[in-house]
Structure formats: C-alpha cells, structure tokens
Amino acid sequence: GGGGGGGEAAIDWCRPSRLQRMVRVSSRDDLTDCGLARSGSDVPEALLAGQGDDSQRLLAAEEGDIGELRAIVEWSRSAAGPCTAGMGPVHASAFGVARAPSLLLLFALGFLAAAMLDGSQRSSLQASPLAAGPRGDASDAVAPSQEWLSTDEWRAVSDKPRAYVMMVYDVPNEQLGPFLWGAVALARSLNQFTAHRIVLLTNHKVFPGGEPLKERFAKLRVEVRKLQQLDMPSHTGLAQRAQVGFWKLQAWNLTDLERAVWLDVDSLVYRNMDWILDEREGMWAARDDWGCVGDVSKVHTSILALQPSSSDFQGLLVLAAEQPSLTVHEVIALYFAQRRVPIHLLSDLEAGFGRCLGSDVPSPYISPDGDKTNGLWSFPAFIHKSGGYASPEDGVNDNLCFSTHLSSQSYSLGDTGIAINVCQFHLVGEHWRALFCEATSEKFLRLTSPEIGGFCNDHCYFWGEGEGCTQVHRVEATPDFASYSVLQACQRTEDNKLIVPCRMP
C-alpha cells in the first residue's frame, strides 16, 4: 500500500492482524479528484474500499500506536485543503454537496483517530481507576449507562474481601417481584460507581419470567448466594416482613469478607459511596429520622457498615431471642452498646429517607457570598424508600416510587375524575425507573416479565395506556388547579379520629 507520511509517524497500512476499527470510504479516484490526494498512490490502502468497490476495510488502531494515530489525524486534516482552496462561498457549498460522502467520511475518520489519540494519551498519564477512584477526574466522568471497569479490573475487584450486601426474600408460591425488583435497581445504581463487590442473598433461583437468576445477575456483576432463613421462634408473633427483617443479622456470618455494607433493597444509591468501605473505620449506620427532624441520634440499619464475625452473629441471635419486643435496629444498637463498640451515624447528607428529600439539610454547594444556594442541592448519597403518605409499617404507600406497581402510583384527585402518576412528581421516581428498566433490558438481564413490559413502556408510564399497562386510569400530566386547589377540611373527633374522609369541595 501507499505510504502515509515519513519519519516516526510513518504508517504501515497493510497489517490486517492489527486492524480493529471499521471504516467505509470511496474509491481512489474519488479521493484523488479535486486534490483530496495528490495522486492515487498517495491514498492509504487502509482508507480505500478495495480499488473502487464498497467493501469494508479496517483501520489500524492497536493500543499504543500513537504514531499511527497522529499520522491519520494529520493526513485527514490536510486532505480537504486543496478541494476548497480559492473557492467562493457558493462554489465551496456546491462542492460540499457534490463531495459530501467522501468529505464526511474522511473528516469522521480524522475525528475518530483524534479522539482515540486523546484517550490513549490521557490514559497513559492517569493512574488506574481502582487507584484514583471510580470516576477519576471530570474528563473521565461516565454516563449512568456506561461501564467503567474493564474485565481485568473487575477480576481484581472481585478478589477484594469487601462488598455491598443485600437480601431478597419473597414468600414461596406467591407473586415474585417487590423486593427482587428493588435489588435489580439497587444493583444497577451501585455498579455505576463502585469498585467493590456486590453480594445478593436470596431464596430465588429464577426471575418471574423463568430466567436463571444467578447467571443473569452476573451481568450486573452481582454475586448471588443462598439466603439463610433464620429461625426466630421468639418473633413468630410479628408480621412476616418484620420477621424477615431480622435475617439481616446473617451479614455478620459472611466471614469471608473483612468488611461489608448492608443495604436494604427498598433503597437507592444516588452517588458513589465507596468511601464507606475504603475510608471509614468502624461501624456506620443511617439515622432513624422518619419524622424528618434532622440530626437524630438513633440507629437505623437500612444501611450499615460492619465487620463480619461469627461470635457477633451468635451474640446478636441470642440477644434478639431475649428481647423479642425490640426491632432489629434496636437489637443491633443494644448489642454493640453493651460491648462499648460505637455505631457512628451517617450525616443527613450521606443517608436519609426518601420522604425527607427537600428537608433543610445543609448543602456543600454554597454561593461565593456565603448565602444558601436555592434549589435541591442536598440529596443524600443513600435514599431509603421513596416515601409516601403511609407509615413505615405499610410496606407499599411508604415506598411508592421505588417500585413497578403502576396501580399504586396512580392517584385519583378527589371527585374530579382525574388521575395522575404521583411518581412523575417525585424527585427520584423517574431515576429509579430508568435504572430498573436499563438493568432489565437487553443490555444486562434481558428479562421478559409482562410487569416489566408495562412499567418500562413510556406510553404506559406517562399516559396510562397501551398493551400490558396496569394503570388504573388514564394519566393526566398535571392536575387542573381550577378545580383542585384546596382540600376540604377533614371532619375529626376531639381525639383526632377521622369521621369523614377528605374530599374535594
């Protein structure tokens, strides 16, 4: 083939064993016409589609071939010069129309090579992501749908004895999904950022559509382990959901890990939290601030950093049996308080309830004059439950938007006949949906459940219409405040019991 320049930047265009990127260009005659190349012999063979045909050729771009990439860039930059030299605007425009395919392909090639060159140079100057942190500097920030760890880097991560741990248990022979779908979205939110392992404890073997759970979760880089169903005889009077909550104690029995962070699956990780595994020592937990008061000094274990220990596991089981009236949060707090092991509390900027979003949590984003910056600039990194009008014991209406239940999200506006999807008014409801739908798509899990099809269908979600849609009503984009602006005062007794439900006037 023809030469691509001289000196150190000379290119050997005919090395098919090293060719990696496909390009399609015009014939030699098209490139030489109007000065795109001084002669046919000056046109690199790798840029031709084989003496005038349109077959595909490959562009040499092996990692480290910086000299080649520079030569490609310089050749493509200089090629178009003679074509438009001396032309007026009209003639140049006409030429651009006539020769657009050749020029566009040529310019695209140059920009591709420049981008590859820039990426190669930048990566050679930076430390590996595992050393410098998951996101690196601002120029390396990735979109939520991108993967940032290479396979080799992930193998190194999977050998580290630190992990995020979550649990999914649904009653056998009943409809699967609520907690399993939460784990799917939570795993996707985690592997956007984390340089650590993700472990799922579960009794499931397949997804609702029959897909093998362990193999599919591996596509989200989640390690599936068998859930140990703990026998808690002193808690048999509790609702099953509360009983299962005590099974998180088995996190202390994962003694192959030197450090673990437990995460309840009805939660969302909003930004990188690897600091809790890498930088913080000791135990850390969220604050039990259901009332959104702020800076509450009570332990909530929806997120909990811990050091696994068989003796602590057995001790926690004994204390739970001795204190059946305590919640799992209270059992954990009491056990370590008795042993004078502190449980540090995460700040409200680090972990909080979804129902408290928008509360007056101090933001790190302060204007130059020291005043508070208006807007929502204090989202916690970890959000437990999306929120709703219900108590935490409700299980549905306290977590409306971290869920695929469109029927629960459909909210009727009094007697107006209008329904809205309340999660379209929620700050992170659509974010949870985007993570879930991406995770279940062809890119990752490739799941086929009808529930997913309806929830992830935009026409169903935003309009309440379409095949497989489980919305109760057609969804309105926004209420008509002319007829829905002030709720009628609810009639109550002196001890504040509701007599007449709140209705529209």
Side-chain angles (χ1 to χ4, degrees), residues 144-160 162-230 240-241 244 247-248 250-251 253-254 256-257 260-269 402-405 432-457 467-468 470:
S145 62
Q146 293 177 315
E147 297 295 294
W148 62 272
L149 281 177
S150 70
T151 301
D152 288 340
E153 288 170 333
W154 186 255
R155 288 196 185 102
V157 166
S158 63
D159 292 334
K160 289 185 175 183
R162 301 185 176 196
Y164 295 97
V165 180
M166 51 189 179
M167 175 183 73
V168 169
Y169 176 79
D170 286 308
V171 181
N173 303 319
E174 293 190 9
Q175 184 177 4
L176 305 179
F179 296 107
L180 184 58
W181 294 153
V184 167
L186 180 57
R188 182 65 193 119
S189 71
L190 277 170
N191 68 25
Q192 293 177 103
F193 320 115
T194 188
H196 289 289
R197 298 159 64 182
I198 305 171
V199 174
L200 171 64
L201 309 175
T202 184
N203 66 322
H204 291 306
K205 294 184 178 179
V206 297
F207 284 100
E211 300 89 351
L213 186 132
K214 185 173 183 177
E215 289 79 0
R216 295 296 174 90
F217 255 123
K219 296 181 181 297
L220 284 174
R221 292 172 169 168
V222 174
E223 174 189 344
V224 176
R225 301 188 186 185
K226 184 177 180 181
L227 174 68
Q228 182 181 358
Q229 300 182 32
L230 302 180
Q240 186 177 48
R241 186 181 181 199
V244 172
W247 295 359
K248 71 170 60 178
Q250 67 191 276
N253 209 28
L254 302 176
D256 60 312
L257 301 174
V261 174
W262 179 274
L263 302 173
D264 283 357
V265 294
D266 50 355
S267 304
L268 177 69
V269 175
F402 294 171
S403 164
T404 61
H405 293 163
W432 188 94
R433 175 178 177 263
L435 290 168
F436 172 81
C437 294
E438 183 186 41
T440 57
S441 71
E442 288 295 317
K443 180 177 180 181
F444 292 109
L445 301 183
R446 307 196 313 274
L447 303 184
T448 58
S449 168
E451 183 179 359
I452 297 173
F455 181 71
C456 294
N457 181 294
E467 184 177 355
T470 56

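Given the structure is predicted, the values throughout are model-derived calculations rather than measurements. In this chain, numbering begins with 1 at the start of the sequence shown.
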List the steps and the verdict of side chain to side chain contact (heavy atoms under 4.5 Å, CB included) for Leu254 and Trp262. CA-CA 11 Å; Leu254 302 176; Trp262 179 274; over 6 Å; no

Given the rule in the side chain to side chain contact (heavy atoms under 4.5 Å, CB included) test, do Val224 and His204 qualify, once you have shown the distances and angles that lead to the verdict? CA-CA 10 Å; Val224 176; His204 291 306; over 6 Å; no

May I have the step-by-step check of side chain to side chain contact (heavy atoms under 4.5 Å, CB included) for Arg197 and Leu257, ending in yes or no? CA-CA 10 Å; Arg197 298 159 64 182; Leu257 301 174; 3.8 Å; yes

Can you check side chain to side chain contact (heavy atoms under 4.5 Å, CB included) on Val269 and Thr194, steps first, answer last? CA-CA 10 Å; Val269 175; Thr194 188; over 6 Å; no

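A donor-acceptor pair under 3.5 Å is absent between the side-chain atoms of Gln250 and the main chain of Leu230, judged by distance alone. With hydrogens and angles ignored, the 3.5 Å screen pairs no side-chain donor or acceptor of Trp247 with any backbone N or O of Gln229. Checked by atom type and distance alone, the side chain of Arg188 never pairs as donor or acceptor with a backbone atom of Leu220 at under 3.5 Å. Under the 3.5 Å distance criterion, the side-chain polar atoms of Gln192 are matched with a main-chain donor or acceptor of Ser189.
From Tyr164, atom OH reaches atom CD1 of Ile198 across 8.5 Å, with rounding to the nearest 0.5 Å. To the nearest 0.5 Å, atoms OG1 (Thr202) and CZ (Phe217) are separated by 7.5 Å. To the nearest 0.5 Å, atoms NZ (Lys226) and CG (Leu200) are separated by 14.5 Å. Taking NZ of Lys219 as the start and CG of Asn191 as the end, the distance is 13.5 Å to the nearest 0.5 Å. One finds the CD atom of Glu215 at 12.0 Å from the CG atom of Leu445 (value rounded to the nearest 0.5 Å). Rounding to the nearest 0.5 Å places CZ of Phe436 at 6.5 Å from CZ of Phe455.
Between Lys205 and Leu213 there is no side-chain heavy-atom pair separated by less than 4.5 Å. Looking at Asp264 and Lys248, their side chains come closer than 4.5 Å, going by heavy atoms from C-beta outward.
Glu211 and Arg446 get closest at one heavy-atom pair: OE2-O, 3.9 Å. Val184 and Thr440 get closest at one heavy-atom pair: CG1-CG2, 3.9 Å.
Using cut-offs of 30° and 60° for the angle between ring planes, the Trp432 and Phe402 rings count as parallel.
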